[in-house]
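Note sheet for the following structure.
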Amino acid sequence: GDRNQAIYGFRGADVDSIPNMTRALEQTQRGVRVLSLTYTRRCPATHVALAQALVPQIKALDTAPLGTVTEMNLSLAISEMKIGDLVVARLNRSVVKVAYALIRRGIRPIIRGRNIGDGLVALVNKLIGRTGTCTITELAKRITKYDSNEQQRLGALGRKGAGRLGAHNEKIGCMIEMLANVPTVQDLRTQLETLFAEFEPGKEPAAVILGTVHRTKGLESSRVFIIDPDKMPPPMAKEPWEYQQEKNLLYVAVTRC
């Protein structure tokens with residue numbers, strides 16, 4: 001494992017698993033030898049230079065192409081996106097916003113994360129209730145009320161509820177972005193069924209692939225857009241281990257190309 005790519009502490013994974021394993025093996029008769037990851041065989045030289053700000057020991061191969069790193073505003077970036085590109089962000093709401101912009105351009109987006117769509121569908125069903133239908137305006141009102149109640153309930157838990165509150169805010173942010181782009185609840189359901197998808201890495205469909213860094217780890221593309229990089233770390237990161245996880249996320253993001 002590479003401890004610089006450990007990003008699942010929020011799920012309860014041991015963020016110090018590699019050092020802990022090393023210490024445990026040092027106590028055995030056979031001992032342990034640690035071989036650090038020093039070269040990337042994927043990334044262009046300029047991208048590796050960017051990654052070295054986070055992980056100084058990483059190097060590009062001597063045969064690696066130079067590559068390009070460019071900064072641009074979001075609207076220009078969206079206008080440059082094309083089939084086969086990979087778009088990564090820290091937050092799902094950022095991804096949803098770009099997906100709808102691509103739809104308006106006539107380009108198919110796919111957001112990686114089937115269970116994210118399923119979770120949003122479950123929330124819609126919960127808020128609509130037994131009637132099974134309502135207007136978009138009424139659904140927006142119910143979401144606002146639901147959000148207010150959850151903010152109070154989870155906020156009262158303090159640090160114990162911080163992770164759940166962050167997940168809740170992500171879900172509400174996605175829902176608000178989607179509500180602004182569909183005329184009816186049925187259109188919302190259709191979008192939720194088609195926009196979010198899982199696929200086998202290496203067999204990406206003909207689309208612009210979007211996802212959070214967590215969802216796109218393991219993917220790669222010749223062109224990668226990192227959107228809203230200022231959201232790394234997000235406001236919910238408080239503890240030292242959380243900041244380290246956010247640093248790891250940024251490292252994963254800049255090494256997808």
Smallest separation among heavy atoms of [X] and [Y], with atom names:
X	Y	result
Ser94	Ile227	O-CD1, 3.7 Å
Val48	Cys43	CG2-CB, 3.8 Å
Pro183	Ile136	O-CG1, 3.3 Å
Val88	Ala253	CG2-CB, 4.3 Å
Ile110	Pro205	CD1-CG, 3.2 Å

Evaluate the criterion side chain to side chain contact (heavy atoms under 4.5 Å, CB included) for residue pair Phe225 and Ile78; output intermediate values, then yes/no.
CA-CA 9 Å; Phe225 293 83; Ile78 291 171; over 6 Å; no

Quick one: does [X]'s side chain get under 4.5 Å of [Y]'s, heavy atoms only?
X	Y	answer
Met232	Lys247	no
Asp228	Leu91	no
Val98	Leu74	yes
Met178	Leu195	yes
Gln151	Leu165	yes
Leu157	Arg164	yes

How long is the span from the [atom1] atom in [X] to the [atom2] atom in [Y], to the nearest 0.5 Å?
X	Y	atom1	atom2	answer
Ile18	Arg23	CD1	CZ	11.5 Å
Ile143	Met175	CD1	CE	5.0 Å
His47	Cys257	NE2	SG	4.5 Å
Lys231	Thr212	NZ	OG1	15.0 Å
Tyr146	Arg153	OH	CZ	7.5 Å
Arg142	Thr135	CZ	OG1	8.0 Å

So does [Y] get a backbone contact from the side chain of [X], meaning a donor-acceptor N/O pair under 3.5 Å?
X	Y	value
Arg105	Ala101	no
Asn248	Ala6	yes
Glu193	Gln191	no
Thr255	Ala51	no
Glu177	Cys174	no
Asp2	Asn4	yes
Ser148	Thr144	no

Test log, rule side-chain hydrogen bond (donor to acceptor under 3.5 Å, both in side chains), inputs Asn125 and Arg189
CA-CA 10 Å; Asn125 292 338; Arg189 292 182 187 277; 2.7 Å; yes

Dump the intermediate steps for side chain to side chain contact (heavy atoms under 4.5 Å, CB included) on Leu86 and Val208, then the final yes or no.
CA-CA 6 Å; Leu86 176 63; Val208 174; over 6 Å; no

Under 3.5 Å, is there a donor-acceptor pair between the [X] and [Y] side chains?
X	Y	value
Asn181	Arg104	yes
Glu198	Asn115	no
Thr184	Asp187	yes

Donor-acceptor contacts under 3.5 Å from residues 29-37 side chains, at least two apart:
none

When the side chains of residues 57-71 are checked against the rest of the protein, which donor-acceptor pairs come out under 3.5 Å, sequence neighbours left out?
none

Path from [X] to [Y] over hydrophobic side-chain contacts below 4.5 Å:
X	Y	answer
Leu210	Leu219	no
Leu50	Ile7	yes
Ile172	Leu154	no
Ile116	Ile209	no
Val213	Leu250	yes

For Lys82 and Arg223: C-alpha separation, side-chain torsions, deciding distance, then whether side chain to side chain contact (heavy atoms under 4.5 Å, CB included) applies.
CA-CA 9 Å; Lys82 61 185 181 182; Arg223 299 205 317 165; 3.5 Å; yes

Answer yes or no for Arg112 and Phe196: cation-pi contact, defined as NZ/CZ to six-membered ring centre under 6.0 Å and angle to ring axis within 45°.
no

Count the heavy atoms belonging to other residues, nucleotides or ligands that lie under 6.0 Å from [atom1] of [X], then report whether that count exceeds 12.
X	atom1	answer
Phe199	CZ	yes
Met21	CE	no
Lys217	NZ	yes

Evaluate side chain to side chain contact (heavy atoms under 4.5 Å, CB included) for Asn92 paired with Lys171, printing each intermediate quantity in order.
CA-CA 8 Å; Asn92 278 305; Lys171 185 179 291 187; over 6 Å; no

N-O pairing of Glu150 and Lys145 below 4.0 Å
no

